[in-house]
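What follows is a set of notes on a single structure, which appears directly below.
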Amino acid sequence: MHGMFNDSFMCLYMVLCIHAFARNHLKTGIFWFSMAYGLKAGALLLFPPMLGSIQYYHGTIKLLFSLVAIVVFQILLALPIVLHKEEDN
């Protein structure tokens, strides 16, 4: 049958991420990777080569910035769920 519905969106976000990196848009690529990872953990399969290319082309400082940006973005995505208080009925 067909795959799960979020697989196609994760692939779209990863293609946008790779396209942004190919155009040397580091922040945009990190954003799209974070979106893909927030949707499905399968995006982590491309995490090591992405980090390697960031360090190779942009240096260690931008690599550290990228790691911090990904972590902060994931925390921001999780905040509404974590801070949600369920009402007693």
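For clarity, every value in this text was computed on a predicted model and none was experimentally measured.
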Inset, instruction - Answer with yes or no after comparing the ring centroid distance for Phe73 and Phe31 against a 6.0 Å cut-off, counting only values under it. - result: yes
Do [X] and [Y] sit in the same hydrophobic cluster, where Ile, Leu, Val, Met, Phe, Trp and Tyr count as joined when their side-chain heavy atoms come under 4.5 Å apart?
X     : Y     : value
Met14 : Leu44 : yes
Met10 : Leu77 : yes
Leu39 : Val71 : no
Leu26 : Leu46 : yes
Val68 : Leu51 : no

Inset, instruction - Go through Asp7 and Lys40 one step at a time and tell me if the side-chain contact (heavy atoms from CB on, under 4.5 Å) criterion holds. - result: CA-CA 8 Å; Asp7 288 341; Lys40 192 167 179 83; 2.6 Å; yes
Legend entry - From CA spacing to verdict: side-chain contact (heavy atoms from CB on, under 4.5 Å), Ile70, Met50: CA-CA 12 Å; Ile70 291 169; Met50 183 189 74; 3.9 Å; yes
Working to the nearest 0.5 Å, report the span between [atom1] of [X] and [atom2] of [Y].
X     : Y     : atom1 : atom2 : result
Ile18 : Phe33 : CD1   : CZ    : 10.5 Å
Thr60 : Leu64 : OG1   : CG    : 6.5 Å
His19 : Leu16 : NE2   : CG    : 8.0 Å
Tyr57 : Lys62 : OH    : NZ    : 15.5 Å
Gln55 : Leu67 : CD    : CG    : 9.5 Å
Cys11 : Asn6  : SG    : CG    : 10.0 Å

Inset, instruction - Mark yes when over 12 heavy atoms from residues, nucleotides or ligands other than Phe47 sit less than 6.0 Å from its CZ; otherwise mark no. - result: yes
Inset, instruction - Taking the side chain as every heavy atom from C-beta outward, state whether Ile30 and Ile54 have any pair of such atoms under 4.5 Å apart. - result: yes
Inset, instruction - Only pairs at least two apart or in different chains count here, so list each side chain to side chain donor-acceptor pair (under 3.5 Å) that has a residue in residues 25-38. - result: none
